[in-house]
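The next block holds one structure in the form of structure tokens; read it before the comments.
A, B, ... follow the sequence lines: proteins, then strands. Residue 1 opens every chain. The shown structure was predicted, so the numbers you read here are calculated from the model rather than taken from an experiment.
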Amino acid sequence: MTDRVPTFRVAPSPTGYLHVGVARTALFNWLFAKHVGGRFVVRIEDTDLERSKEELIEPILSALSWLGLDWDGEIIRQSTRLDHYKQFAVQILESGHGYRCFCSPDQLKADREKAKVEKSAFGYNRRCLELSDAEIQERIEAGEKYALRLRIPEGETTYSDMVAGELIRDNKEIEDFIIARSDGTATYNLAVVIDDHDMGVTHVIRGNDHITNTFKQIHIYQALGFDIPQFGHTPMILRPDKKKVSKRLGDKDVNQFSKEGILPEAMVNYLSLLGWSPKTDNEIYSVEELIERFTPDNFNNSNAVFDQDKLLAFNKEHIQLKSDHELAVMSAPMLVEAGLTTKYWLETRWEYLRNVIAVLKERMKRVSDIVELSGYFFSADFSYDAKARAKHFHEESRLLLIDLAERIEAVDELTLETSEQVITELAVDRDIKKATIIHPTRLALSGVPGGPGLYDIMNLLGRKNVLDRLHRAIDFIANDRTN
RNA sequence: GACCCCAUCGUCUAGUGGCCUAGGACGGCGCCCUUUCACGGCGCUAACACGGGUUCGACUCCCGUUGGGGUCGCCA
């Protein structure tokens, strides 16, 4: 075990989308693998043919890819290994570590209900443990179906958890669980142990809802004579209502965050801080920095509530860290999809897009915010914000805009400097505050009361567009008054 | 219910017996900056669940209570 390359894994089951809980587990394993220079592998847990859905595999993998959690080697699918598991089930049976159980699911269900009412013993009552060889033979020949159970010995089971420390459990609390179904297929716990062994997994980091499974799996490892990996059970990610994040409760597909303008860097950064801490005052880290700092002694052992607002705050920070060009690449398809522009138009005016992003960037909390923020940079076909209109569009401002338009006519080119110059001169000549001019002008050029500095807008729009929009507003105000 | 885990501001967390009149971040609130909206800067708000011990001294150690979470499938 000493010279094995550290191998970590994530093992999603395609019975739902990848939610933040599994994503965070995957991230921890990945970060840890990168930190120690080990391997990170992916396994699809689809032994339950009933509930597993083929079409869910691709979205799960794309979510991992989106997060940047690249994996090593081939993806293992349990459904392709069903036959492989059988020999181990047989081995456990023949070595005396397991036994046949003829109890029907209905029978077991009745047992459980009875035990619940009587508040008596937990787990399987071992009815089939003492069956004689003859009786077993007889029932097999009679065609009775049977499942295989692992026989848990007396005593207690203990192991050292990377997160929780020394864990000990009385074997009375571990029932003789089923390792192979009556149709011969392996159940989750058996398959997991065999796969982790075959894949050379040395470290298993997963949610602490798996602790009971870990105790069961340790007994399978022992029955099979396999080396037991290091286990680490992280606290859960909870929803704001304090319930465990779960696909069964309809929790969000990680892919959805991407659609909502969340940067994978932000998601990774935020997720890394749920149940783990770099133990510094800084919270914003790049993936490289996280890998650098990621050690298991910094795990936390209490559950964490997933906070959308804080994710958004991280997203804002990471957006600011992106170059204008990178943001332009991400924004372009969103702008096209929103119908604000076309792919061709953008391709020929890439610098314009970049400049638009440069002035809008600090206002973006989501990448997709660009759509809401930048409309007027691509189209003059906007309406004026009603409140702002009432405040800034009136006869006085109309005359001001006419004056401004005339002055701009006299200018060759609108730059940052000339824009400011024109406004300043107008203000001085009329002996008014610049703001008096700026507000109606901004509304005339953008239709909205907020946004980048007016000179930036004028500079970007250019002389012709500014003039057109000024005249449009002048006419609008005139018509508005007569109505 | 049984078993297990956990317990610091609303949320994520720092704290590993004296450095704590408990630090940071998000949120909220206020101020400043400012042509607007943002950004940024500054400040404020707000927590050691409770009760017992141990100790010269407990947020830090132990026990109990309470609270929260998890598990209890021929699901994963």
Side chain to side chain donor-acceptor pair (under 3.5 Å) test vs A/Asn269 passes for just one of A/Glu289, A/His318, A/Glu283, namely A/His318

For a quick check under 3.5 Å, do A/Ser79 and A/Asp46 share a side-chain donor-acceptor pair by atom type?
yes

Report which part of the nucleic acid A/Thr280 touches: base, sugar-phosphate, or nothing (heavy-atom distance under 4.0 Å, all strands).
nothing

Just to be sure I understand the rule, does A/Pro240 reach a base, reach only the sugar-phosphate, or reach nothing, if contact means heavy atoms closer than 4.0 Å?
nothing

Donor-acceptor pair under 3.5 Å: do we get one between A/Thr212's side chain and the base of B/C72?
no

Between B/A25 and A/Lys310, counting only base atoms on the nucleotide and side-chain atoms on the residue, is there a donor-acceptor pair under 3.5 Å?
yes

In whole Å, what is the span from the CD atom of A/Glu166 to the C1' atom of B/C4?
16 Å

Nucleotide nearest A/Asp309 (side chain, heavy atoms from C-beta), chosen from B/A76, B/C26, B/C74
B/C26

Hey, is the side chain of A/Thr187 poking within less than 4.0 Å of OP1 or OP2 on B/G73, counting only N and O atoms?
no

Using a cut-off of strictly less than 4.0 Å, decide whether A/Asn282 has a side-chain nitrogen or oxygen near OP1 or OP2 of B/G24.
no

What about A/Asp46, does its side chain sit under 3.5 Å from the base of B/A76 through a donor-acceptor pair?
no

Does A/Glu283 get its side chain close enough to the base of B/G24, under 3.5 Å, for a donor-acceptor pair?
yes

Could you give the CD1-to-C1' distance, from A/Ile284 to B/C12, as a whole number of Å?
12 Å

Listed by chain and number, what are the side chain to side chain contact (heavy atoms under 4.5 Å, CB included) partners of A/Lys114, not counting sequence neighbours?
A/Glu118

